[in-house]
Amino acid sequence: SYVIDQQAVVNPMLTQMQASNIGQTIVDMSSYTNRYYTTNNGVNASNWLMQRWATMAGGRSDIAVTQYTHASWPQKSVILTITGTDNPNEVVVLGGHLDTINQAGTGETTKAPGADDDASGIASLTEVLRVMIASGYKPRRTIKLIGYAAEEVGLRGSQDIAQNYKANNVNVVGVMQLDMTNYKGSADDIYLFTDYTDSAQNTFVGNLITTYLPTLKIGHDQCGYACSDHASWNSAGYWTSMPFETAMGEDDPYIHTANDTYANTGNQADHALKFARMALAYAVELGSDGP
Ligand SMILES: N[C@H](Cc1ccc(I)cc1)C(=O)NO
Ligand SMILES: [Zn+2]
Ligand SMILES: [Zn+2]
């Protein structure tokens, strides 16, 4: 349910979250020449993320990391699963995409660092994971963190996964997409996009922000098209939210170029930390609901 009642668990975790950790993950991921869905770099970046999350999860028998093989391209999606304790069949999904693109065309040696789009989202989720593990948090529901392949070429990785979950009747109770979290281009802090998302869940996410991050300003906007992986889940009939870094039209001008670098978001991850904290609250509040 959308009742907010986990303050005793969430608040101590929020204080542990650090922008420097997020920044390091952005630097690591954007050091690949590109992460395009068909290049060796793109394949290697997926393998790197799997290894990174698996190393973090090492000691936990309730956490598994797998790669999802897509039939028609080589880059795999990465799925980390924290199996719930007494309500494991209800699943909470948080995602971002691990691929990048250069609008001029992306070959093996084309630069597409994708620091903001979307290393920032993956890095925000990785800090959520680190703090959940550090605090020994065990959700009652299952929580899945997903690094989608092939988002830039038509939301193809998330489409595969969302349709597969629908076909298998996986009971996903909520989906949050983090695509671009570190470029502060607008007056407000977090923009809840209203198209291809669920209004009731958006209200819940807004309430999470006012409850746990009361200094942040909330905006609302629309993409006007299926602008990230939440749209794949929405069209499969699942409830989604897409908190975005700016208002429409004030978004990061460097994306899909060789200049989407950590330096071009100020060599810091303070904006992304807001999204990481929001995502942590979302994961724990939804993840703590029993059957
Ligand atoms: N088009 C999306 C990014 C994007 C999303 C919303 C807005 I407003 C502007 C830009 C993308 O490239 N996702 O990978
Ligand atoms: Zn993009
Ligand atoms: Zn993106």
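Just follow the structure's listing: the first ligand is 1, and inside any ligand the first atom is 1.
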Which heavy-atom pair separates [X] from [Y] by the least distance, and what is that distance?
X: Pro113; Y: Asp260; value: CG-O, 3.2 Å
X: Tyr191; Y: His220; value: CD2-N, 3.9 Å
X: Leu216; Y: Ile190; value: CD1-CD1, 4.0 Å
X: Asn202; Y: Phe193; value: ND2-O, 3.4 Å
X: Tyr2; Y: Gln201; value: OH-CB, 3.5 Å
X: Val284; Y: Tyr137; value: O-OH, 3.4 Å

If Ile, Leu, Val, Met, Phe, Trp and Tyr residues are connected whenever their side-chain heavy atoms lie under 4.5 Å apart, and connections chain through other members, are Leu98 and Val128 in the same group?
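Linked, Leu98 and Val128 end up in one cluster.
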Cluster link Ile82 to Ile146, ILVMFWY, side chain under 4.5 Å:
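Different hydrophobic clusters.
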Between Asp179 and ligand 1, which part of the residue brings a heavy atom under 4.0 Å of the ligand: side chain, backbone, both or neither?
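Looking at Asp179 and ligand 1, just side chain atoms fall under 4.0 Å.
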With a 4.0 Å heavy-atom cut-off (strictly under), which part of Asp117 contacts ligand 1: side chain, backbone, both or neither?
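Just the side chain.
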Starting from [atom], locate the nearest protein heavy atom and write down its residue, its atom name and how far away it is, to 0.1 Å.
atom: atom 10 (C) of ligand 1; result: Asp251 OD2, 3.7 Å
atom: atom 4 (C) of ligand 1; result: Phe244 CZ, 4.0 Å
atom: atom 3 (C) of ligand 1; result: Met180 SD, 3.5 Å
atom: atom 1 (N) of ligand 1; result: Tyr225 OH, 2.8 Å
atom: atom 14 (O) of ligand 1; result: Glu151 OE1, 2.7 Å
atom: atom 12 (O) of ligand 1; result: His256 NE2, 2.8 Å
atom: atom 2 (C) of ligand 1; result: Cys227 O, 3.4 Å
atom: atom 8 (I) of ligand 1; result: Met248 CA, 3.5 Å

Side-chain polar contacts of residues 12-19 - donor-acceptor pairs under 3.5 angstrom, sequence neighbours left out - could you list them?
residue, atom, partner, partner atom, Å
Thr15, OG1, Pro12, O, 2.7

As a test of understanding, state which of Arg140, Arg141, Lys144 forms a salt bridge (Lys or Arg N to Asp or Glu O under 4.0 Å) with Glu90.
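Among Arg140, Arg141, Lys144, the one meeting salt bridge (Lys or Arg N to Asp or Glu O under 4.0 Å) with Glu90 is Arg141.
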Side chains of Asp189 and His271: any donor to acceptor distance under 3.5 Å?
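No pair is found: no donor N or O on one side chain lies under 3.5 Å from an acceptor on the other.
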For the Zn ion (ligand 2), how many protein N, O or S atoms lie at less than 2.8 Å?
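With waters ignored, the protein N/O/S count below 2.8 Å is 4.
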Output the distance between atom CE (Met29) and atom CG (Asp118), rounded to the nearest 0.5 Å.
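Rounded to the nearest 0.5 Å, the CE-CG separation comes to 8.0 Å.
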Would you say Tyr148 contacts ligand 1, with heavy atoms under 4.0 Å as the rule?
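No.
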Hey, looking at atom 6 (C) of ligand 1, which of Gly249, Gly114, Cys223, Gly121 has the closest heavy atom?
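The nearest heavy atom belongs to Cys223.
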Check each atom of ligand 1 against the heavy atoms of His97 and keep those under 4.0 Å away; list them by number with element.
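Near His97, the atoms of ligand 1 are 14 (O).
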